[in-house]
Amino acid sequence: MKTLQELIRPNIWSLAPYSCARNEFTGEASVFLDANENPYNQPFNRYPDPLQVQLKEKIAALKGVRPTQIMLGVGSDEPIDLIFRIFCEPAQDNVVAINPTYGMYGVCADINNVAYKQVNLNDDFSLDAQNVLDACDANTKVIFLCSPNNPTGNSLERSEIEKIVTGFEGIVVIDEAYIDFSNEPSWLASLNAYPNIIVLQTFSKAWGMAALRCGMAFASEDIIAFFNKVKYPYNLNLLTQEAVLKQVEAVEQKNKWVETLLAERSKMIANLQNLPLVKHIYPTDANFVLAKVDDANKTYTYLVNKGIIVRNRNSVTLCQGCLRITIGTPQENQELLTALAQMV
Ligand SMILES: *Cc1c(COP(=O)(O)O)cnc(C)c1O
């Protein structure tokens, strides 16, 4: 790995962080006259904890990492954007990502004026590490991997990811938004072994809190320190911090949801496979299935007219003819299957 100083943009490396009032004082006090807040309208009058100490302690215990290895963002979309702003000099550096994958990496690259180089997965959506490494040059700062991958659903092979993590001099992002639905081990266990990885997870999927906007980035303490310098000081509002904390304390509920969704996923796959219009179901480790159908556009429009919305991936590389179907409640899944069975 290159040194962090070589990887981080010079202006960010030398940045003096904004020191907010709530950051400067830590300890016990009862009179807060330091932040120009209104003393009335509790609890919304006070700025929230900028470093989310309580919540991170709970997440750290759950995930087996140190609180200082965690950055919490407004969804994982915030750390994705911060990765560009911290590591990538606009109009000079580039990033490499697998294709197809989550669209947000490319959007953030465009917004930050950073070249986005895509490397196609194999036809079965497996990863060829050498192809990814071959696409990198001296200005490649970050490689984006997503496992289980969206929209394909499969996990990338661990040994191939490892070749990239060990063979690349820069930062490797491993987006694990769907890890709760997979039997594959998380890369979190390797966080201490590989100082160049950033693992992303989210409360938006298995945890059922997409509306609250809370994502997690896990990395070395040195990298997390830069996330904390660059993020908005009060990025996570009070209601989000409180609600996520409560849910993290109720991890068994999340595990039950996952169990239910995995059982529904098996049923969905079996039932879809019985439909003549379904040509192929790709293996999935996520809470969705990618299905190749006779005519994706026609099927998509037919379902829309029945009030059922799936994701049409027909125009995505390697996904021609494919619909991405999220696993819903048993009733919702049955509605979809019934509608598809009635399609002529
Ligand atoms: C849904 C998803 C996310 C989650 O984004 P949030 O901003 O946390 O809601 C991240 N990565 C991938 C690959 C996803 O599919």
Side-chain angles (χ1 to χ4, degrees), residues 52 55-56 59 63 70-85 95-109 111 116 118-119 121 125 127 142-156 161 171-182 184 186-188 197-219 227 231-232 235-237 239-241 243-244 247-248 254 257-258 261 265 282 284-290 309-313 316-319 322-328:
Q52 308 102 19
L55 180 52
K56 279 184 191 168
I59 294 171
K63 302 285 181 182
I70 306 173
M71 180 268 175
L72 298 179
V74 181
S76 346
D77 291 346
E78 184 183 4
I80 290 167
D81 185 55
L82 286 173
I83 287 164
F84 285 94
R85 293 167 60 200
V95 304
V96 171
I98 54 172
N99 190 33
T101 195
Y102 186 45
M104 200 61 195
Y105 318 136
V107 169
C108 286
I111 290 170
Y116 185 70
Q118 293 173 291
V119 176
L121 295 169
F125 301 139
L127 171 67
V142 184
I143 293 174
F144 283 91
L145 303 175
C146 183
S147 181
N149 189 34
N150 179 2
T152 59
N154 61 305
S155 297
L156 304 177
I161 295 181
I171 301 295
V172 181
V173 175
I174 306 168
D175 188 337
E176 296 186 337
Y178 300 97
I179 193 69
D180 296 89
F181 302 104
S182 166
E184 295 287 315
S186 165
W187 279 83
L188 278 187
I197 67 173
I198 299 175
V199 177
L200 301 178
Q201 294 186 7
T202 180
F203 288 103
S204 296
K205 307 286 159 63
W207 288 90
M209 293 187 283
L212 294 175
R213 309 307 301 130
C214 189
M216 300 164 264
F218 303 90
F227 274 111
K231 77 176 185 70
Y232 287 165
N235 57 333
L236 284 206
N237 72 67
L239 293 175
T240 295
Q241 292 192 41
V244 174
Q247 196 68 58
V248 170
K254 183 267 293 179
W257 286 331
V258 168
L261 291 170
R265 185 179 77 186
Y282 292 91
T284 178
D285 278 339
N287 64 333
F288 59 83
V289 294
L290 189 71
I309 315 301
V310 298
R311 195 92 158 109
N312 187 359
R313 299 287 77 187
V316 170
T317 310
L318 301 179
C319 298
C322 289
L323 301 176
R324 192 193 68 190
I325 302 168
T326 306
I327 305 300

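Predicted, not measured: the structure shown is a model, and the values here were computed from it. For ligands, and for the atoms within them, numbers begin at 1 and follow the listed sequence. Below, each value reflects all heavy atoms present in this structure, side chains not excepted, and no hydrogens, waters or symmetry copies.
Under 4.0 angstrom from ligand 1, the non-hydrogen atoms of Asn150 all belong to its side chain.
Scanning the protein for heavy atoms near atom 11 (N) of ligand 1, the closest one is Asp175 OD2, 2.7 Å. In terms of protein heavy atoms, atom 6 (P) of ligand 1 is closest to Ser76 N, 3.4 Å. Summary of contacts: the protein heavy atom closest to atom 9 (O) of ligand 1 is Ser204 OG, 2.6 Å. Looking only at heavy atoms of the protein, atom 2 (C) of ligand 1 is closest to Lys205 NZ, 2.4 Å. Closest to atom 7 (O) of ligand 1, if we only count protein heavy atoms, is Arg213 NH2, 2.7 Å.
Taking only nitrogen or oxygen atoms, main chain and side chain alike, Tyr178 reaches within less than 3.5 Å of ligand 1.
Taken from CZ in Phe181 to CZ in Arg265, the straight-line distance is 8.5 Å, to the nearest 0.5 Å.
Atom numbering of ligand 1 starts at 1 in the shown order; those under 4.0 Å from a heavy atom of Ala177 are 2 (C), 3 (C), 10 (C), 11 (N), 12 (C), 14 (C). Taking a cut-off of under 4.0 Å to the non-hydrogen atoms of Cys146, the atoms of ligand 1 that pass are 13 (C). Residue contact check: Gly75 has heavy atoms under 4.0 Å from atoms 6 (P), 7 (O), 8 (O) of ligand 1. Close approach of ligand 1 to Asp77 (heavy-atom distance below 4.0 Å) involves ligand atoms 5 (O), 7 (O).
Smallest separation of non-hydrogen atoms from Leu188 and Gln201: CD1-NE2, 3.7 Å.
When ring centroids are compared, Tyr178 and Phe288 come within the 6.0 Å threshold. Within the 6.0 Å centre-distance limit, the rings of Phe125 and Tyr282 are counted as a close aromatic pair. Ring to ring, Phe144 and Phe84 are close: their centroids are under 6.0 angstrom apart.
For Ala210, the heavy-atom gap to ligand 1 stays at 4.0 angstrom or more.
Checked by atom type, the side-chain pair Asn149/Tyr102 shows no donor-acceptor distance below 3.5 Å.
Within the 4.5 Å cutoff, no side-chain heavy atoms of Val199 are placed close to those of Met216. Counting heavy atoms from C-beta outward, Leu145 and Ile98 have side chains that approach closer than 4.5 Å.
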